[in-house]
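All values below come from the heavy atoms of this structure, side chains included, with hydrogens, waters and symmetry mates left out. Labels below follow one simple rule: chain letters A, B, ... track the order of the sequence lines, proteins then strands, and each chain is numbered from 1.
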There are 2 protein chains.
Amino acid sequence: MARPREFDEEQVLQRALEVFRAKGFEGATLDELEQATGLHRGSLYGAFGDKRRLFLKALARYLDTALGERLAVLETPQAGRTEILALFQGLARDAACDRERKGCLVTNCAIELADRDPDLACQAARSLDRFERAFAAAVRQAQARGEIAATHDPVRLARFLTVCMEGMLVLARARPDPAWLDDAVAAVAEVLR
Amino acid sequence: MARPREFDEEQVLQRALEVFRAKGFEGATLDELEQATGLHRGSLYGAFGDKRRLFLKALARYLDTALGERLAVLETPQAGRTEILALFQGLARDAACDRERKGCLVTNCAIELADRDPDLACQAARSLDRFERAFAAAVRQAQARGEIAATHDPVRLARFLTVCMEGMLVLARARPDPAWLDDAVAAVAEVLR
DNA sequence: TCGGTTCTTGAACGAACGGTCAGAAATATC
DNA sequence: GATATTTCTGACCGTTCGTTCAAGAACCGA
């Protein structure tokens, strides 16, 4: 029929994602995206549309993969205190390995785009609601098992855990200090009693 | 001697600050800064230097005023549990009033500039350390008075409180829901026992 | 081998950006 | 009131950005 593509769309999207994660949406230039993906602008536009749509697809991929994995663990019916703590430990571990301090695509761009592109920002921020629900379900499960005191209000605690998570993601990017994040994880563990 | 200035430097700086807070450093254009301050670019450059130095002065002002007030309360020798909680309540209150969801200049720009201008980002992020120290001192004071359990490690708790604060500032900008932040404040109050 | 289709490539475009500069305007001093 | 000095103003500059487009390259089916 015709000439086949010379690149793997998923791999290109992942590379673009990393650029957006490090530089932000507006901060990521097409030159950088070209260099990171190894693709010419024309190919990027042909395959993904304009920069905004490329970002949207990268964001969708991030929600499906990186965040999706975290949420999936949390959303299993058996998830309880262990899984909540594992999520925070994972945050601290990832931040310690993230030498480029890219942080979290959702957190970074929700802040960057809050005033500039409300649609994008809202789409990014909506994942906070998913975490709230997943945390709340895990808290209820943990309370039913006696892992967490029943005196906690599940929704309130879930919202608080979401706040803690976002705070850790800020520090992961702005002030990367493994010990700091480890202290935060330990404190979360104390809260979950 | 010569023609006097027709503007109040502090007032202009405050207006510029609000623009940076809402739009970010790179997102704030000189057109917007002109419109917000009522000054021509030439006057801005004459008075403050280039955009980066204008931002630096706005940041310094923010550290002195908005953040300075919060830190001052926390840094008084008598500060204890009440002052810590008042800070978080103030965060929630300010976020509820902040209909443009500007959030916090330091948080926004520390994230935006982490990869783009490490010097600026570092300068912004350094305030986190001040909060860590101030929180730790207040925690120790509160423990000495029996307001908080002595079993808490002051530094660990201080770091955790800083994380919680940053998380609330993310939500203030990305997902402004007064009830959410109130729940977070209530949860912090439970932690401080 | 050839035609048709898709992908790739390089160059170029208009727009918006930060920054600059010379002249007009305005004041305090003499 | 003349002058010197500073501030203000409008136009302009070079750069960089996202985006487009036409021509070249590569492939599949006939």
Side-chain angles (χ1 to χ4, degrees), chain A residues 1-13 15-59 105 108-109 112-113 115-121, chain B residues 1-13 15-59 105 108-109 112-113 115-121:
Chain A
M1 284 254 275
R3 180 176 179 178
R5 284 206 170 132
E6 296 178 1
F7 60 91
D8 174 20
E9 190 160 324
E10 287 300 309
Q11 184 178 343
V12 165
L13 211 49
R15 299 266 175 83
L17 194 163
E18 301 302 333
V19 176
F20 283 129
R21 201 150 78 95
K23 310 279 182 176
F25 171 60
E26 306 226 351
T29 68
L30 272 129
D31 285 336
E32 290 168 331
L33 290 168
E34 275 188 334
Q35 193 169 355
T37 61
L39 278 184
H40 194 275
R41 324 151 94 78
S43 303
L44 284 172
Y45 274 79
F48 302 101
D50 60 8
K51 186 186 180 188
R52 193 170 182 275
R53 265 182 289 189
L54 173 60
F55 177 79
L56 269 172
K57 295 202 179 183
L59 181 62
L105 181 66
N108 299 350
C109 292
E112 177 197 356
L113 301 170
D115 248 63
R116 186 152 303 277
D117 194 326
D119 281 351
L120 278 188
Chain B
M1 282 258 275
R3 180 175 179 179
R5 285 209 169 134
E6 295 178 0
F7 60 91
D8 174 18
E9 191 162 323
E10 287 299 310
Q11 184 178 343
V12 165
L13 212 49
R15 298 266 174 84
L17 195 163
E18 300 302 334
V19 176
F20 282 129
R21 201 150 78 95
K23 310 278 182 177
F25 172 60
E26 307 226 352
T29 69
L30 277 154
D31 285 336
E32 289 170 331
L33 290 168
E34 277 188 334
Q35 192 169 356
T37 60
L39 278 183
H40 190 80
R41 324 153 91 80
S43 303
L44 284 172
Y45 274 78
F48 302 101
D50 61 8
K51 186 186 179 187
R52 193 171 182 276
R53 263 182 291 189
L54 173 60
F55 177 79
L56 270 171
K57 294 203 178 182
L59 180 62
L105 182 67
N108 298 350
C109 292
E112 177 196 356
L113 302 169
D115 248 63
R116 185 151 304 277
D117 193 326
D119 281 350
L120 278 188

Participant: Check the distance between dC17(C)'s C1' and E32(B)'s CD and give it to me in whole angstrom.
Facilitator: 12 Å

Participant: Using a strict threshold of under 4.0 Å (side-chain N to carboxylate O), is an ion pair present between E18(B) and R21(B)?
Facilitator: yes

Participant: Shortest non-hydrogen contact from R52(A) to D117(A)?
Facilitator: NE-OD2, 2.7 Å

Participant: Treat primed atoms plus P, OP1 and OP2 as sugar-phosphate and everything else as base, then score nucleotides 14-21 of chain D 5' to 3': B for base contact with protein heavy atoms under 4.0 Å, S for sugar-phosphate contact only, - for none.
Facilitator: ---SBBB-

Participant: On the nucleotide dC8(D), are OP1 or OP2 found under 4.0 Å from the side-chain N or O atoms that S43(B) carries?
Facilitator: yes

Participant: Just do the side chain to side chain contact (heavy atoms under 4.5 Å, CB included) check on L54(B) and F20(B) with the steps written out, would you?
Facilitator: CA-CA 10 Å; L54(B) 173 60; F20(B) 282 129; 4.1 Å; yes

Participant: Measure from the side-chain N and O atoms of K51(B) to the backbone N and O of A28(B), and report whether any donor-acceptor pair falls under 3.5 Å.
Facilitator: yes

Participant: Using atom NZ of K23(B) as one end and atom C1' of dC17(C) as the other, report the distance to the nearest whole Å.
Facilitator: 15 Å

Participant: Would you kindly give the CZ-to-C1' distance between F55(B) and dG18(C), to the nearest whole Å?
Facilitator: 16 Å

Participant: Whole-Å distance between dC7(C) P and L44(A) CG?
Facilitator: 13 Å

Participant: Classify the angle between the aromatic ring planes of F55(A) and F25(A) as parallel (below 30°), tilted (30 to 60°) or perpendicular (above 60°).
Facilitator: tilted

Participant: Are the side chain of R116(B) and the backbone N or O of G27(A) linked by a donor-acceptor pair below 3.5 Å?
Facilitator: yes

